[in-house]
Amino acid sequence: MPSVVTSGHVIWLFGLPGAGKSTLASSLIKQLQTRSLGVLALDGDALRAGLNQGLGFADADRTENLRRAAEVARIGVDSGLCVVASFITPLNTHRRLIRKIIGADRLSLVFVNAPLAVCLQRDVKGLYARAQAGLLQQMTGVGSPFEQPELVDLTLPTAEVSPEVSAAALLAFSLARLGRPA
Ligand SMILES: Nc1ncnc2c1ncn2[C@@H]1O[C@H](COP(=O)(O)OP(=O)(O)O)[C@@H](O)[C@H]1O
Ligand SMILES: [Mg+2]
């Protein structure tokens, strides 16, 4: 079946490492594809393995990582795709930069919100343990800040509800933003 033509939109998931961004992005992408919507998936880890190889976690590199991601997202949305982006996006300056590049009317900022204590406990990739042992510098939440967001279109409190409930809320929100029936 051909992809359904939409006017594109960017769903930008942000939050601490371990908050649930990639989990919820994967679920959303699957659901949108089931509806034959054209999707572009941009995940921080995947971009750092390719397009953004060589960038580190100092302020300037984090900004460049996100600037490039937002520029790719803009190309996606210009092409009519639903872009699902998942990046920590730790600072309000980053969030404003993304909005400037993509355009406020074509972007939804989704805060995947779990307290640091919960993310530390989940420690999906073992990075918090390494950071707390002093083996990893500039880990967000430990050696590098995560600012409380000023710009948020949707908050998903993933420490309080199940992945299924969070995914359903994200899907309903995204379909509404895309102007698609639920
Ligand atoms: N409501 C929820 N939404 C998303 N993930 C959740 C939720 N509750 C628990 N989790 C778990 O939290 C972890 C999040 O990992 P991940 O998606 O890789 O985080 P991130 O991409 O933000 O670093 C997964 O193990 C997931 O199953
Ligand atoms: Mg992730």
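For ligands, and for the atoms within them, numbers begin at 1 and follow the listed sequence.
In the vicinity of Pro17, heavy-atom distances shorter than 4.0 Å reach the ligand 1 atoms 23 (O). Which parts of ligand 1 touch Leu16 is read off a 4.0 Å heavy-atom cut-off, strictly below it: atoms 22 (O).
Taking only nitrogen or oxygen atoms, main chain and side chain alike, Lys21 reaches within less than 3.5 Å of ligand 1. Residue-to-ligand polar distances place Val161 within reach of ligand 1: an N/O pair is separated by less than 3.5 Å. Any N or O atom pair closer than 3.5 Å counts here, and Gly18 shares at least one such pair with ligand 1.
When the options Ile88, Leu13, Val124, Asp43 are ranked by their closest heavy atom to atom 15 (O) of ligand 1, first place goes to Val124. The closest heavy-atom contact to atom 12 (O) of ligand 1, among the options Arg122, Lys125, Glu160, comes from Arg122.
No continuous path of hydrophobic side-chain contacts links Leu51 to Leu55 [ILVMFWY only; heavy atoms under 4.5 Å]. Using a 4.5 Å cut-off between side-chain heavy atoms of Ile, Leu, Val, Met, Phe, Trp and Tyr, with links allowed through other members, Leu91 and Phe111 fall into different hydrophobic clusters. No continuous path of hydrophobic side-chain contacts links Ile88 to Phe57 [ILVMFWY only; heavy atoms under 4.5 Å].
Inspection of the environment of the Mg ion (ligand 2) yields the following protein N, O or S atoms under 2.8 Å: Ser22 OG.
Residues Asp43 and Lys21 are not paired through a salt bridge, judged by the lack of any N-O separation under 4.0 Å between the basic side chain and the carboxylate. Between Glu71 and Arg68, none of the side-chain N atoms (NZ, or NE/NH1/NH2) sits under 4.0 Å from a carboxylate O, so this pair counts as no salt bridge. Between Arg177 and Asp105, none of the side-chain N atoms (NZ, or NE/NH1/NH2) sits under 4.0 Å from a carboxylate O, so this pair counts as no salt bridge.
Using a 3.5 Å distance cut-off with no hydrogens or angles, the side chains of Arg62 and Thr140 do pair a donor with an acceptor.
At the top of the distance list for atom 24 (C) of ligand 1, counting protein heavy atoms only, stands Thr23 OG1, 3.7 Å. Here the protein heavy atom with the shortest distance to atom 19 (O) of ligand 1 is Gly20 N, 3.2 Å. Of the protein's non-hydrogen atoms, Pro163 CG, 3.5 Å is the one closest to atom 7 (C) of ligand 1.
The shortest separation from a heavy atom of Leu24 to ligand 1 is under 4.0 Å, placing the residue in contact. Ser162 counts as a contact of ligand 1, since one of its heavy atoms falls under 4.0 Å from the ligand.
Glu147 places a side-chain N or O within donor-acceptor distance of the main-chain N or O of Asn92, the cut-off being under 3.5 Å. Not a single donor-acceptor pair under 3.5 Å links the side chain of Arg122 to the backbone N or O of Val118. With Tyr128 contributing its side chain and Pro17 its backbone, the two residues share a donor-acceptor pair below 3.5 Å.
Only one option out of Arg99, Arg96, Arg95 pairs with Glu150 in a salt bridge (charged side-chain N to carboxylate O under 4.0 Å, His left out); it is Arg96.
The residue Ala114 has no part lying near ligand 1, judged by heavy-atom distances below 4.0 Å.
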Subject >> Ile98/Val10 under side-chain contact (heavy atoms from CB on, under 4.5 Å): CA gap, chis, key distance, verdict >> reply: CA-CA 10 Å; Ile98 288 157; Val10 180; over 6 Å; no
